[in-house]
Protein chains: 2
Amino acid sequence: MIADTVRTSTYKTGILRNSSSIRGKVVLDVGAGTGVLSIFCAQAGARKVYAVEASSIADQAVRIVRHNKMEDIVEVIKGSVETIDLPERVDVIVSEWMGYALLHESMLNSVLFARDKWLKPGGLILPSKAELYIAPINDLVAEDRLSFWDTVKGQYGVDMSCMSDFARKCIMNNDITVNLVTVEDVLSHQCKFAELDLYSVTAEQLKSVSGSFNCECFGSSPVNALCVWFTVTFPGGGEEKPLVLSTSPFKPETHWKQAVLYLDDPVNVRQDTPVVGDVNMYPSEASSRHICIHVDYTIGEMKKHSKTFSIPDGCSGETQ
Amino acid sequence: MIADTVRTSTYKTGILRNSSSIRGKVVLDVGAGTGVLSIFCAQAGARKVYAVEASSIADQAVRIVRHNKMEDIVEVIKGSVETIDLPERVDVIVSEWMGYALLHESMLNSVLFARDKWLKPGGLILPSKAELYIAPINDLVAEDRLSFWDTVKGQYGVDMSCMSDFARKCIMNNDITVNLVTVEDVLSHQCKFAELDLYSVTAEQLKSVSGSFNCECFGSSPVNALCVWFTVTFPGGGEEKPLVLSTSPFKPETHWKQAVLYLDDPVNVRQDTPVVGDVNMYPSEASSRHICIHVDYTIGEMKKHSKTFSIPDGCSGETQ
């Protein structure tokens with residue numbers, strides 16, 4: 001995770017740009033991991049940082065804080081923010097809570113719990129806003145995998161072209177595929193379909209995050225998928241400008257990559273062909289921490305299609 | 001799987017080189033998948049091929065066989081070779097049964113069952129021999145991941161060098177890591193520690209496949225892992241030479257890659273430093289289709305170390 005330089009650098013800059021609100025204040029880091037964000041807050045002048053981490057990585061955070069001689073400022077608390085006790089309310093909450101497609105295995109509910117229980121009125125949340133985007137894409141890697149079956153005859157003398165349809169059903173299924181989408185594959189400008197204000201959003205509202213989209217295609221291409229990504233924004237403190245951490249395919253890659261939702265069949269579009277619809281993101285019935293994405297979409301003149309996606313098990317990938 | 005050109009091409013050549021034993025004969029393909037090996041046998045002149053496949057991919061094999069107008073020769077039988085019935089005994093068994101580290105989730109037991117029940121005396125098995133190899137390596141990708149923690153201070157002003165030991169324990173654990181090992185990382189010639197003759201090996205013998213190794217290092221380097229791989233050999237039919245399908249790091253890559261067994265701590269070696277020991281591969285208690293590898297090893301002057309490895313769940317990876 002720390003090796004995701006876009007993520008770590010943006011958090012560091014986002015925290016330092018809010019030094020005027022952090023200096024001399026008390027900070028709560030929700031899901032602190034190795035404690036790196038807590039140390040950034042100490043570097044920004046915090047009087048006290050509570051680094052709350054439920055997993056055993058908290059033991060490493062203790063070592064790292066001590067190694068950096070920050071133990072007078074940063075206090076690592078091993079436990080979940082829902083059950084731990086703090087000696088005081090806090091001025092600032094910082095958290096890196098975002099999952100794949102923003103909400104898959106995210107810790108946002110814990111951040112909201114901490115906000116309601118521990119944040120002083122008028123306190124600061126870093127980051128303070130999240131936005132969700134969508135665009136039609138043509139995933140060429142998937143198309144290459146499918147056209148492979150047409151090449152078997154030339155290579156091995158066995159005609160396997162009849163596998164293409166079956167293979168398309170296997171690849172273009174109801175899984176949310178977490179993949180790096182290249183900018184060349186994106187077929188329109190991005191369209192924002194939802195925004196979460198971390199100061200006001202409620203756990204109840206997270207049970208259905210929805211919105212509509214209306215994209216206009218750049219030019220002629222098949223569309224074989226919709227691509228979903230997110231940004232989070234750090235407010236500008238004092239004279240500083242807001243700072244955006246973006247997971248857009250138009251921006252440098254992050255470990256979040258993008259969430260790809262394959263259509264059952266590709267649809268040809270031309271310049272200005274509208275791709276319109278509605279997205280609804282909600283927790284899966286099987287596991288409240290897993291996300292489902294339902295999309296109703298219409299491309300050009302075609303009739304409305306609907307498809308519901310979810311992230312398969314084993315795709316959570318918190319790494320270094 | 002078919003997209004693994006080393007695998008598919010070697011099977012095709014291995015089958016065609018045995019045409020003199022296949023022409024006009026009856027073949028059994030154990031775990032036929034899409035039926036591509038069955039069709040190769042038909043192309044080699046088989047009178048009849050029974051393509052036995054238990055999974056639903058058998059339905060695709062039926063379509064592919066028909067699409068290639070081979071339905072008079074290739075008969076797809078949906079079922080496991082342990083339970084299906086054939087109208088006759090067979091002259092040849094062909095199978096692509098190998099798993100990671102040869103035996104992880106392999107179908108070798110099914111091949112041996114088929115041999116004992118259906119193969120005529122003096123019949124042919126393709127491939128007919130498997131060999132297991134080992135060599136010490138220095139996995140530089142893993143070392144790079146570990147040295148990352150020493151770079152955090154320069155990049156973000158937080159000293160995380162104290163994470164190195166913890167990170168080493170996380171990476172250098174008891175998992176068998178399936179990875180492509182580059183030839184530059186290999187520190188000695190390969191050492192064969194076991195050989196399976198498909199005509200004579202028994203299911204009982206597969207419960208413990210073991211042997212010893214004695215490697216001499218090329219030059220000065222740390223050793224941080226042992227690397228295990230395999231070959232299978234197609235006999236030469238008639239005037240033809242035997243053909244080896246190799247998953248060695250010295251050969252072009254295959255989807256099997258190599259099995260990497262990390263040592264707890266790296267050990268420095270010099271030219272001619274001996275790396276000696278014993279390997280034992282056996283089915284895991286939790287699942288008989290999963291493999292464990294126990295290694296006793298001594299590097300140079302150090303005392304003997306022992307470590308037992310297994311492949312974590314979710315690592316089976318049968319793909320295209």
Side-chain angles (χ1 to χ4, degrees), chain A residues 1-3 5 7-9 11-13 15-16 33-44 56-57 59-70 74 144-149 151-153 155-167 169-171 312-315 319-320, chain B residues 1-5 7-9 11-13 15-16 33-44 56-57 59-70 74 144-146 148-149 151-153 155-167 169-171 312-315 319-320:
Chain A
M1 289 289 294
I2 293 167
T5 53
R7 165 195 174 275
T8 308
S9 301
Y11 263 86
K12 174 152 191 175
T13 308
I15 287 167
L16 293 181
T34 57
V36 67
L37 302 187
S38 294
I39 294 175
F40 290 162
C41 291
Q43 290 171 338
S56 63
I57 200 76
D59 304 331
Q60 302 307 315
V62 169
R63 291 177 61 218
I64 289 165
V65 166
R66 208 175 291 150
H67 197 64
N68 286 273
K69 303 196 193 330
M70 293 279 190
V74 180
D144 272 359
R145 284 182 64 193
L146 291 171
S147 63
F148 162 79
W149 296 104
T151 70
V152 180
K153 185 166 187 184
Q155 220 176 345
Y156 301 114
V158 180
D159 188 343
M160 296 193 123
S161 57
C162 61
M163 280 289 281
S164 291
D165 288 354
F166 176 75
K169 283 203 187 74
C170 292
I171 294 179
D313 281 349
C315 188
T319 55
Q320 189 170 81
Chain B
M1 288 291 294
I2 293 167
D4 178 342
T5 53
R7 165 195 175 274
T8 309
S9 300
Y11 263 87
K12 174 153 190 174
T13 307
I15 287 167
L16 293 181
T34 57
V36 67
L37 302 186
S38 294
I39 293 176
F40 291 162
C41 291
Q43 289 170 338
S56 63
I57 199 75
D59 304 331
Q60 303 306 316
V62 169
R63 291 176 61 217
I64 290 166
V65 167
R66 208 174 293 150
H67 196 67
N68 286 273
K69 303 193 191 336
M70 292 280 190
V74 180
D144 272 358
R145 284 182 63 194
L146 292 172
F148 162 79
W149 297 103
T151 70
V152 180
K153 186 168 186 184
Q155 221 175 344
Y156 301 113
V158 180
D159 187 344
M160 295 193 124
S161 57
C162 60
M163 281 289 282
S164 291
D165 288 354
F166 176 77
K169 281 202 187 76
C170 291
I171 295 179
D313 281 349
C315 188
T319 54
Q320 188 172 80

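Residue numbering restarts at 1 for every chain, and letters A, B, ... go by the order of the sequence lines. Keep in mind that the numbers below use all heavy atoms, side chains included, and drop hydrogens, waters and symmetry copies.
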S.K.: Which bit of Ile39(A) comes within less than 4.5 Å of chain B, counting heavy atoms only: side chain, backbone, both or neither?
M.R.: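 Side chain only.
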
S.K.: Tyr156(A) vs Thr5(B), test: side chain to side chain contact (heavy atoms under 4.5 Å, CB included). Steps then yes/no.
M.R.: CA-CA 10 Å; Tyr156(A) 301 114; Thr5(B) 53; 3.4 Å; yes

S.K.: Gly157(B) and Gln43(A): which non-hydrogen atoms are nearest, and at how many Å?
M.R.: O-NE2, 2.9 Å

S.K.: Under 4.5 Å from any heavy atom of chain B, what part of Asp159(A) do you find: side chain, backbone, both or neither?
M.R.: both

S.K.: Side chain to side chain contact (heavy atoms under 4.5 Å, CB included) between His67(A) and Ser161(B): does it pass, once the steps are laid out?
M.R.: CA-CA 9 Å; His67(A) 197 64; Ser161(B) 57; 3.3 Å; yes

S.K.: Under a 4.5 Å heavy-atom cut-off, does chain B meet the side chain of Ile57(A), its backbone, both or neither?
M.R.: side chain

S.K.: Looking at every non-hydrogen atom in both residues, tell me the closest pair between Gln60(A) and Phe166(B) and how far apart they are.
M.R.: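 Answer, listing the atom of Gln60(A) first, then Phe166(B): NE2-CD1, 3.0 Å.
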
S.K.: If you count heavy-atom pairs under 4.5 Å between each of Cys162(B), Ser9(B), Gly35(B) and chain A, which one has the most?
M.R.: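 Option with the greatest count: Cys162(B).
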
S.K.: With a 4.5 angstrom heavy-atom cut-off, is it the side chain or the backbone of Thr151(A) that approaches chain B, or both, or neither?
M.R.: neither

S.K.: Determine yes or no for a side-chain-to-main-chain donor-acceptor pair under 3.5 angstrom, with Arg63(B) supplying the side chain and Met163(A) the backbone.
M.R.: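 Side chain of Arg63(B) to backbone of Met163(A): no pair is present.
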
